[in-house]
Colleague: 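Below are the structure tokens for one structure; questions will follow.
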Amino acid sequence: MAGYKSVETKYMEEREKLFRGLTNLDRRSFLKVSAAAMGAAAGLAAPASFTPVTVAQEPGEKASGGGEGFRFAYVSDSHLYEKHVNDRFVRGLLRGVDDVNNLDPQPDFVFYGGDLAQLGQPKELELGAEILKNLKAPLKIMVGEHDWYLDMGEKWRELYGDPTYSFDHKGVHFVVLNSVVEADFWTKRKMTPMERMKTVAGLDNGLQSSFTVGEKQREWLKNDLAGLPDDARVIVFSHSPLYKLYKAWNFWTDDADEVQAILQRFNKVVVIHGHTHQLLLNRIGNIYFYGMLATAWPWPYAPEGMPELTIEMTRPDPFNSTDGCGNGEIPVHPDGMIDMVYNLWNRNPITVRPPYMTSWGKTDVPPLPNRPSY
Amino acid sequence: MKQALIRSHASRVCVGVICLSLLAISSACQRKTASNDAKGPSSDSCCPTEELLSCDGKATITISKSVTGQARADALMEQWKHNHPDRNWVEEEKAAHAFEEPADNSDILKDGQAKGHAYGDFSETDLLVWTRETEKFVAQGSRIFHSGDLLESTVGASCDMCHPHAANTHPETYPKFQTQLGRVVLLRDMINWCIENPVRGKKLAPDSAEMRALEAYIMAQRKGVEMNYGKH
Amino acid sequence: MFRAKLFRTSRQPALMGAAFLAAVVLVAGAAKEAAQDIPRDELGAATVKHQIEVLDKLMPQKDLDQVPPGVDPIAWKALIPEGNAMTPERIALGKKLFFDKRLSADGTVSCATCHDITRGLTDQLPTSEGIRKQFGKRNAPTTFNVVLLHTLFLDGRSPNLDHQARQPILNPVEMGMPDGETALKAIKDDAEYQKMFKEAYGREMNFEDVGRAIAAFERTLVFLDSPFRRFLDGDENAISADAKAGWDLFNGKARCVSCHHMNPSNPLGTDNRFHNVGVSARHQDFEGLASEALKAMKEDASEQKLDELAVGTDMSELGRFMVTHNRSDIGSFRTLQLLNIGITQPYMHDGSMATLWDVMDHYNKGGEANPFLDGGMEPLDLTEKEIDQVVAFLFSMTDDRFKEENQRQFDEQKARAQKERPFRDNEMAARRTLGFEDRVKAESSIEKQEGAK
């Protein structure tokens, strides 16, 4: 018999057999039952309904957009220390992987949104890579500042290669950027690599520079997109939000305007980012921005500059160390727009549908928080 | 770590003394030995040196006997700075973790009923002292707030990881029923709960210097926000 | 430190405590009776006659309609529903109904069968036996102090006690009456009932008043005069040094207090909320069960159906989800009250844990990982000594009137815990093996095997 059983499960099974003459399902039969149990799996269900999201269930669908619908999942911002240093963040990533592995049917791929490690140490990144290997679906990964500033990306690149790349999937062009490029603030301060890392790791640390995509990557981006028609379906991943939200916390990309200018010619572009650890929505012209949830901890909302489309998630309870955390599913529509499913652990999932974004928040409004940020 | 904190505080008191008066150098530091000649050949036998015990009672400073006056004071200061990289800690803390400035009290300098009286009449220097001392208190809180080590976290966590610039700490809402504790608490009780739970560190004594500094920093960050006890 | 802040708000509890102590001395004989000497009926519950004798000694019939000592009067009043104010007539009627087996389909079961005053107002069984040797899927929670609960049943599917008290009468695996009318018929011709109903509610007998009267009686079952209570009121010596250390752990390292609230307005030790603490995780097909449940409830949305599914089927494990249909509520149950916990074993919603050491082992390892596990569940890294201390503290919360039974249970549980600790997992408790680690690895290894076929 394959699979893990806790001491509790084993004890209960023996006990049940003994007292009630019942045989429990072993883990393997459970998985089969589970797979048969419709698409009611985690995240797929709309709040309070367990009705599967139609797009996700109909990958072959053709519509006016002309493309093919499909679905991917994401896990982001795990900020791993080594297991003996902090079990909680490791458990968070494990839970994220478990969640995504339970999806039925499996997503086409899983996107990891950056900040796999907390202090960019080789052992942290290796631990993360080891855990992510357990994903059943193929992995695509982006870099975050916590992965980078100890050795300037050496270990990360050894594991995952170039952080800037693009790929095509079922007619959608995906672009992955490294948006956490900071100007040198460390040399003149004579910082050690670890001091540099810790400075960048402090969200409210004002000694560091602002994030940028940088000229080199912007050139690359122009070239990468050059051959695409204006009605192409384009989804861009960046670790920091590709707009200017709140500079003091680097909820910000300094050359966001230049990057947006490159994306402007498309009918619509979806940008999905990590870093902010919260439900965050924005629209600038034809560009739709969605923040990803973290598995490590939620950030508070910025005290100013919040995009008007953003619906805050209800303030998390610190007793529940994963409240406000989670992962998500992203069904991609044939026209290139997405449903963003925020799978908040121990809460009902919140789904942001395209009409909410395209109508500037007039229709399909997701549930509002009863306790927003202070 | 608690010891380290207290020690660095003590040495800051010394800085004040040294900076305020050059005379203080010779009075605060006692000559330990002037007997290079007696000890035999030194590396710099043409210039006899002497060793001074600095005012912290621990570090010693070696200086040439021929250096005197302002030059001697400057050399001592340089040496002291070298031994105390932490000397600009308030400014450095501000640069790293910008915090709210204390209130502006310049109105007090206007002519008024108290002019010339022992009570109620204050000078620019008074205001400077107030501001400086208040800032230091808050800066010390900011340091602790941003350091998992100072909180003795066993999971590498510090307050700013969930509360950058003390966001979402809402000190103005206490006392209130805190669901995590199942009872009504003050800000310091919640700080301690956070230290024990998310931070997994060592609880502070409610009246400890660290707790007072943390409270100072957290409250300073809510400058201008209305008090609203019991708010959730 | 907590003492002063928590309970120094009023001097009343301490004074009332003294009055209670005097009462305890008078009735001590009742609790001293050895368990084997108690006369029992065919279902194992103490006989009605015996239970009423014990109860009358424990609770002298005086001022039962008033705010009980040690309870915040404003909080108490807010929990008495309009239209069912506490009166001596209603309490007397409720008491008679509580013990009346005629309310069950075959005349073998009364409320007191599973809420037996000689067994901590529960049945001390993992799950309860109803008519015709049927067992439900849930542990019978104690009826002690139910006046202070915000919702009833372990999934909170009943909004108040007046409503709750009717449900077991109609549940097929409990008392099995097909409907309220049939239940009423069983007692309608009893002249004494006719008189009592008239006096209590001033109208014809009806099934809803049956629930109201039982609830009025149950609201008098306030038992919170424990050594721990006296400790909170300022008596340093009321509990042992171990129990005091346990109280500190309860508020600190063991993280209990965040769900088990203890304050004068809510002294039960529950936040009245619902958490998946990873007990039901061993019946792990949550998604399948949830789909099944939604289908069943779509076909029949009645309260009756919900009650049947929640008590009698595997869907019981879905807990609060059955009521709200919220994914976030899958496998979650209301935080149980802690008062008198020493005499209400076995523990958890399914009675799956025999001792408080088992319960502590479960929490110490952070519960059993499942996709809906409450994120507040973390490994606690408690030492054996610390576990003993928390358990000592838990045993200090039993009302003095059950002192002997409490001591007997402590000794029994301790002996059992020395022999077996089936829920202990030191690797997980010390955070060397993490909650989702084995799940994640097992899943991928199963997948790989299946892929290889």
Side-chain angles (χ1 to χ4, degrees), chain B residues 1-2 144 148-159 161-163 168-212 214-215 218 229-232, chain C residues 1-10 72 74-75 148 150 228 232 247-275 335-339 363 366 374-382 386 393 397 429-432 434:
Chain B
M1 150 269 135
K2 272 172 201 155
I144 302 170
D149 290 343
L150 293 181
L151 294 166
E152 299 187 59
S153 171
T154 58
V155 288
S158 52
C159 310
M161 280 169 74
C162 294
H163 305 282
N168 256 357
T169 48
H170 41 81
E172 73 281 5
T173 65
Y174 292 91
K176 76 167 165 196
F177 188 93
Q178 193 73 49
T179 55
Q180 294 80 11
L181 287 114
R183 62 192 173 95
V184 176
V185 302
L186 296 172
L187 174 62
R188 67 191 58 177
D189 302 314
M190 191 56 192
I191 293 176
N192 259 341
W193 184 87
C194 274
I195 293 176
E196 265 202 309
N197 288 275
V199 177
R200 276 197 209 146
K202 281 226 176 66
K203 241 177 19 174
L204 299 170
D207 57 352
S208 62
E210 291 90 342
M211 178 60 84
R212 287 157 47 83
L214 277 173
E215 279 191 330
I218 290 168
Y229 89 94
K231 165 89 178 138
H232 282 264
Chain C
M1 187 184 85
F2 281 108
R3 253 187 329 276
K5 279 180 198 154
L6 259 176
F7 281 84
R8 268 299 173 211
T9 47
S10 152
D72 183 285
I74 306 275
L148 295 170
H150 298 180
F228 171 63
L232 289 179
W247 170 234
D248 284 344
L249 289 162
F250 181 90
N251 285 291
K253 188 177 173 185
R255 290 165 61 85
C256 314
V257 77
S258 296
C259 298
H260 293 287
H261 289 179
M262 312 281 296
N263 59 67
S265 305
N266 176 17
L268 295 186
T270 172
D271 58 354
N272 282 292
R273 302 167 75 81
F274 303 85
H275 303 277
T335 311
L336 289 157
Q337 71 164 310
L338 295 180
L339 302 187
Y363 283 113
D374 190 295
M377 294 288 292
E378 291 193 336
L380 302 172
D381 198 22
L382 298 172
E386 287 170 332
F393 161 65
M397 286 193 285
R431 305 171 181 132
R432 286 188 291 267
L434 303 185

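Naming convention: chains lettered A, B, ... in sequence-line order (proteins, then strands); numbering from 1 in each chain.
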Colleague: Given side chains that start at C-beta, do those of R255(C) and Q180(B) come closer than 4.5 Å, heavy atoms only?
Modeller: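 R255(C) vs Q180(B): side chains apart.
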Colleague: Which residues in residues 168-177 of chain B have any heavy atom lying under 4.5 Å from a heavy atom of chain C?
Modeller: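 The stretch touches chain C at F177(B).
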Colleague: Using the test side-chain hydrogen bond (donor to acceptor under 3.5 Å, both in side chains), find all partners of S158(B) that sit at least two apart in sequence or belong to another chain.
Modeller: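 In terms of side-chain hydrogen bond (donor to acceptor under 3.5 Å, both in side chains), with neighbours along the sequence ignored, S158(B) is linked to D160(B).
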Colleague: Heavy-atom distance under 4.5 Å to chain C: side chain of E196(B), backbone, both or neither?
Modeller: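 The side chain, not the backbone.
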Colleague: Can you name the ring-ring contact (aromatic ring centres under 6.0 Å, His included) partners of Y363(C), sequence neighbours left out?
Modeller: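 Listed in chain order: nothing, the list is empty.
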Colleague: Nearest 0.5 angstrom please: D381(C) CG to R200(B) CZ, how far?
Modeller: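 Between atom CG of D381(C) and atom CZ of R200(B) there are 8.5 Å.
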Colleague: Got a donor-acceptor contact below 3.5 angstrom from the D271(C) side chain to the T179(B) backbone?
Modeller: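 Not confirmed, D271(C) side chain does not pair with T179(B) backbone.
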Colleague: In Å and rounded to the nearest 0.5 Å, what is the CG to CG distance from N251(C) to D189(B)?
Modeller: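 One finds 11.0 Å between CG of N251(C) and CG of D189(B).
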Colleague: Who are the side-chain hydrogen bond (donor to acceptor under 3.5 Å, both in side chains) partners of R273(C), not counting sequence neighbours?
Modeller: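 Scan of R273(C) (side-chain hydrogen bond (donor to acceptor under 3.5 Å, both in side chains), adjacent residues dropped) gives none.
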Colleague: Which atom names give the shortest non-hydrogen contact between V257(C) and L181(B), and what distance separates them?
Modeller: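 Scanning both residues completely, I find the closest heavy atoms to be CG2-O, 3.6 Å.
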Colleague: Rounded to the nearest 0.5 Å, what's the gap from CG on N197(B) to NZ on K253(C)? Could you check?
Modeller: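 Spacing of CG (N197(B)) from NZ (K253(C)) equals 12.0 Å.
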